[in-house]
Engineer: 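Dropping a structure here in structure tokens format, bear with me for questions.
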Amino acid sequence: MIREDLRNIAIIAHVDHGKTTLVDEMLKQGGVYRENQVTEDRVMDSNALERERGITILAKNTAIHYKNETHPDGVKINIIDTPGHADFSGEVERILKMVNGVLLLVDAAEGPMPQTRFVLKKALEQGHRVIVVLNKVDRPDARAEEVVEEVLELLLELDATSDQFNSPMVFCSGREGTSSLSLLGDGTDLTPLFDTILDYIPAPAGEPDEPLQLLVSSIDYNDYVGRIGIGRVDRGTVHQNQEVMVVNYHDNHPPVKTRIVSIYTFDGLTRIPAESAKMGDIVGFSGAENITIGDTLTDINTPEPLPFLRIGEPTMEMTFSVNDGPFAGRDGKYVTSRQIRNRLYHELLRDVSLRVKDGDTTDNFRVSGRGEMHLSVLIETMRREGYEFCASTPKVLTKEINGALCEPMERVIIDVPEESTGSIIEKLGSRRGELIKMDLHGQRMRIEYVIPSRCLFGYRSEFLTDTRGEGILNTIFEGYAPWKGDITVRFTGSLVATEDGESTLYGCYNAQDRGEMFIDAQTPVYEGMIVGESPKQGDITVNVCKKKQLTAIRSTGADEALRLTTPRKLSLEEAIEFIGDDELIEVTPKNVRLRKRILNTELRLKSQSRKKK
């Protein structure tokens with residue numbers, strides 16, 4: 001049976017190429033909103049962090065209804081908006097199992113980028129049909145004809161079949177809500193895009209009368225109903241209150257019987273309760289407590305699992321520990337090891353790319369993820385929920401392959417003004433980067449490197465300085481390669497406070513001659529807290545609480561001559577990149593501070609001298 005009344009598609013692209021903005025327009029023109037309804041931009045980015053950072057973190061489902069001359073009764077189009085950042089690429093891999101085709105979005109100015117290659121490769125491997133959508137064709141610097149050639153070259157590189165290579169191309173402006181099948185055509189709405197989806201993306205096909213098979217491709221969580229599995233009904237029909245077997249293709253665990261309590265279908269921006277769903281439908285369901293991505297719901301009498309991609313392994317690890325600093329407990333609502341442990345293990349219910357293990361002591365936990373962005377989003381989320389803890393510097397997770405120690409590598413694609421090329425090549429060369437290729441696009445140079453993941457720690461802020469804020473740096477996991485040896489990636493030291501108290505104008509004025517400050521006057525500090533960056537390797541101790549001594553003769557305006565340079569306020573990502581092995585980030589709901597592991601100056605210096613010996 002073929003469900004001509006249904007299409008299942010995913011929108012995949014590199015970060016910032018306009019997926020969520022295009023979905024906004026598809027919802028508006030698909031009749032989800034009333035004509036006079038007030039709407040907000042990027043409505044699919046419902047998470048506060050997503051809206052602030054301008055990125056999609058979690059894949060989300062929506063659906064529209066569209067009809068044309070060949071489908072007068074209307075077709076329901078299930079749309080899945082996926083993340084574009086490489087750290088969340090695990091979401092994209094899983095989502096592709098739910099759909100029959102993809103819209104590959106490519107920026108008409110930037111062209112194919114690292115994540116474009118990654119997601120397109122995964123889609124082609126699964127045999128999906130691809131509609132290439134060139135977005136932002138109205139940009140002043142758009143180079144649509146060249147980008148079309150680059151996309152075709154990419155399809156050839158990735159061994160696309162002849163059918164996939166001849167994919168239709170649609171030229172869009174997601175912001176304006178227009179599309180055209182011709183580069184020179186002036187589109188007025190998204191009708192050409194909708195028609196292409198209906199004509200080119202295959203309708204779901206299967207056996208509606210056979211025993212049930214439903215592959216879980218995504219997980220949501222609700223405090224009231226627990227885990228919510230999301231997947232496509234591959235075969236048969238699923239009913240509310242139905243008893244099913246949970247089996248997994250890769251695991252040898254025996255099937256587990258469970259009951260589906262409720263079923264939801266997706267329509268517009270809402271989940272609609274349903275009594276049943278049939279072959280081809282994308283549904284959410286609750287009731288199966290320990291359901292996870294990759295599990296298959298089957299009929300009780302025929303537990304036949306469906307094959308599924310294994311979740312990609314984490315490449316980076318950080319240690320979360322209880323805050324033991326002098327300011328512990330001032331800001332945080334949840335500060336004990338038990339509360340932090342429960343929250344981290346609770347996160348595993350939502351995020352299957354994350355790994356959490358108990359540490360060497362009861363006060364610390366090892367948290368592994370797909371990259372700095374992945375872990376920083378978790379830290380920021382916990383901070384906003386009222387948690388207070390310390391986080392260590394990130395470390396890469398190594399593997400032993402054929403008897404050799406191997407480390408994760410990143411493919412780095414850099415787009416910079418031509419005059420910045422020299423400093424980029426010099427810096428990445430010193431960090432053991434291997435130059436793959438260089439291309440000139442107008443006045444900008446595109447440089448491609450393969451470099452050890454650990455060598456990128458601390459480089460992004462340096463990169464922005466070297467390119468005067470005009471450079472674009474994108475990375476994606478490349479694979480494992482033999483260990484490149486010890487590499488120095490941090491060439492600066494820290495300015496460390498020597499006293500508890502409140503920083504003074506006089507103390508900060510004297511300290512700023514030693515390096516760049518992170519704090520201003522009248523900031524509470526403690527011994528061992530990092531208050532700035534030294535331009536040379538090695539730490540410098542400073543007393544930012546020092547007060548000017550009173551004298552018998554003193555002019556009233558003596559302190560007015562002291563002028564402080566504006567301190568550099570580090571964001572969470574910058575703090576993660578900055579800290580060294582002997583330093584920690586103190587994360588509280590109101591503050592992000594940097595500190596030494598050993599706060600006492602004397603004990604710290606003794607420890608450093610022992611290590612040198």
Side-chain angles (χ1 to χ4, degrees), residues 11-19 21-22 25 84-86 102-124 129-187 190 192-193 196 200 411-421 424-425 435-450 467 470-476 478:
I11 298 188
I12 57 178
H14 189 79
V15 67
D16 280 341
H17 279 203
K19 298 179 299 301
T21 304
L22 181 64
E25 287 299 322
H85 198 281
V102 297
L103 300 187
L104 177 73
L105 224 67
V106 182
D107 189 303
E110 290 188 3
M113 297 295 275
Q115 185 74 358
T116 314
R117 170 186 289 272
F118 173 83
V119 292
L120 179 59
K121 181 181 178 184
K122 295 293 181 185
L124 296 178
R129 285 195 168 189
V130 179
I131 297 174
V132 179
V133 179
L134 252 68
N135 196 24
K136 305 185 185 181
V137 291
D138 52 343
R139 277 181 62 162
D141 56 344
R143 47 186 192 90
E145 291 180 3
E146 291 176 45
V147 171
V148 168
E149 293 298 322
E150 290 172 13
V151 172
L152 292 175
E153 286 175 18
L154 182 59
L155 286 166
L156 277 175
E157 267 183 62
L158 298 176
D159 296 325
T161 64
S162 57
D163 187 37
Q164 290 168 332
F165 182 76
N166 293 317
S167 300
M169 294 207 178
V170 183
F171 302 90
C172 283
S173 169
R175 189 176 59 180
E176 300 296 328
T178 61
S179 65
S180 170
L181 297 179
S182 164
L183 180 57
L184 301 175
D186 293 325
L190 294 179
L193 177 61
T196 306
Y200 189 71
R411 181 173 288 267
V412 182
I413 301 225
I414 292 173
D415 198 320
V416 292
E418 197 175 353
E419 60 270 17
S420 304
T421 307
I424 299 300
I425 292 174
L435 181 62
I436 304 299
K437 65 178 180 182
M438 291 173 61
D439 292 312
L440 185 64
H441 294 283
Q443 299 297 313
R444 296 179 71 84
M445 187 72 76
R446 182 167 292 179
I447 313 168
E448 198 166 321
Y449 270 90
V450 172
T467 61
E470 294 184 40
I472 301 168
L473 185 148
N474 292 291
T475 65
I476 193 161
E478 176 75 6

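For this chain, numbers begin at 1 and follow the sequence in order.
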Engineer: Within the distance-only criterion (no hydrogens, no angle test), does the side chain of R129 pair as donor or acceptor with the backbone N or O of Y200 below 3.5 angstrom?
Structural biologist: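 A pair under 3.5 Å: yes.
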Engineer: For S167 and V130, indicate whether the former's side chain and the latter's backbone hold a donor-acceptor pair under 3.5 Å.
Structural biologist: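 Yes; judged by distance alone, with no hydrogens or angles, the pair exists.
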Engineer: Indicate the atoms forming the closest heavy-atom contact of P112 with V106, along with that distance.
Structural biologist: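 So the minimum-distance heavy-atom pair works out to N-CG1, 3.7 Å.
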Engineer: For residues K121 and L158, report the shortest heavy-atom separation together with the two atoms involved.
Structural biologist: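 Heavy atoms of K121 and L158 come nearest at N-CD1, 3.9 Å.
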Engineer: Search all heavy atoms of L193 against all heavy atoms of C172 and return the closest pair with its distance.
Structural biologist: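 Scanning both residues, the minimum pair turns out to be CD2-SG, 4.4 Å.
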Engineer: Evaluate the side-chain proximity of I413 to D415: yes if any heavy-atom separation is below 4.5 Å, no if none is.
Structural biologist: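 Side-chain contact under 4.5 Å: no.
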Engineer: Please find the pair of heavy atoms, one from D138 and one from S173, that lie closest to each other, and give the distance.
Structural biologist: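 Smallest heavy-atom distance, with atoms named: OD2-OG, 2.9 Å.
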Engineer: Do K122 and I12 make a side-chain contact, defined as non-hydrogen atoms from C-beta onward lying under 4.5 Å apart?
Structural biologist: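 No; the side chains remain at least 4.5 Å from each other.
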Engineer: More than 12 foreign heavy atoms under 6.0 Å from CZ of R175: is that the case here?
Structural biologist: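 Counting other residues, nucleotides and ligands, CZ of R175 stays at 12 neighbours or fewer.
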Engineer: Check for a donor-acceptor pair, side chain of D141 on one end and backbone N or O of A109 on the other, with a separation under 3.5 Å.
Structural biologist: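 Pair absent, no side-chain N/O of D141 close to backbone of A109.
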Engineer: For R143, what residues pass the salt bridge (charged side-chain N to carboxylate O under 4.0 Å, His left out) criterion, not counting sequence neighbours?
Structural biologist: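 R143 satisfies salt bridge (charged side-chain N to carboxylate O under 4.0 Å, His left out) with E146, E150 only.
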Engineer: Less than 4.5 Å apart, any side-chain heavy atom of T178 and any of V137?
Structural biologist: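 T178 vs V137: side chains apart.
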Engineer: Can you tell me how far the CD atom of E110 sits from the CZ atom of R444, to the nearest 0.5 Å?
Structural biologist: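 Taking CD in E110 and CZ in R444, the distance rounds to 9.0 Å.
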Engineer: Does D439 pair with R446 as a salt bridge, N-O distance under 4.0 Å?
Structural biologist: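 Looking at D439 and R446, the cut-off is not met.
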Engineer: Taking the side chain as C-beta and beyond, is there a heavy-atom pair between V170 and L181 under 4.5 Å?
Structural biologist: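 When only atoms from C-beta onward are counted, L181 and V170 do touch, with a gap below 4.5 Å.
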Engineer: What are the two closest heavy atoms between L152 and F165, and how far apart are they?
Structural biologist: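 Taking every non-hydrogen atom into account, O-CE1, 3.5 Å.
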Engineer: Looking at every non-hydrogen atom in both residues, tell me the closest pair between A13 and L105 and how far apart they are.
Structural biologist: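 Looks like CB-O, 3.2 Å.
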Engineer: In Å and rounded to the nearest 0.5 Å, what is the CD to CG distance from E418 to L440?
Structural biologist: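 One finds 5.0 Å between CD of E418 and CG of L440.
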Engineer: Within this structure, what is the CG-CG distance for the pair L124 and D159, rounded to the nearest 0.5 Å?
Structural biologist: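 Spacing of CG (L124) from CG (D159) equals 9.0 Å.
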Engineer: Tell me, with the steps shown, if V102 and L120 meet side-chain contact (heavy atoms from CB on, under 4.5 Å).
Structural biologist: CA-CA 9 Å; V102 297; L120 179 59; 5.8 Å; no
Engineer: Any chance you could measure I424, atom CD1, to T467, atom OG1, to the nearest 0.5 Å?
Structural biologist: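 It comes to 6.0 Å.
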Engineer: Nearest 0.5 Å, what's the CG-CD1 distance between N135 and I11?
Structural biologist: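 N135 atom CG to I11 atom CD1 measures 9.5 Å (nearest 0.5 Å).
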Engineer: How far apart are the C-alpha atoms of R139 and D107, what are their side-chain angles, what is the distance that settles it, and do they pass the side-chain contact (heavy atoms from CB on, under 4.5 Å) test?
Structural biologist: CA-CA 9 Å; R139 277 181 62 162; D107 189 303; 3.1 Å; yes
Engineer: So, using side-chain hydrogen bond (donor to acceptor under 3.5 Å, both in side chains) as the criterion, who are the partners of E25 when residues are at least two apart?
Structural biologist: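 For E25 there are no side-chain hydrogen bond (donor to acceptor under 3.5 Å, both in side chains) partners, ignoring immediate neighbours.
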Engineer: In Å, rounded to the nearest 0.5 Å, how long is the span from CG of L190 to CG of L22?
Structural biologist: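 Rounded to the nearest 0.5 Å, the CG-CG separation comes to 6.0 Å.
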Engineer: Is there a side-chain contact (heavy atoms from CB on, under 4.5 Å) between T475 and L473? Walk through the geometry before answering.
Structural biologist: CA-CA 7 Å; T475 65; L473 185 148; 3.7 Å; yes
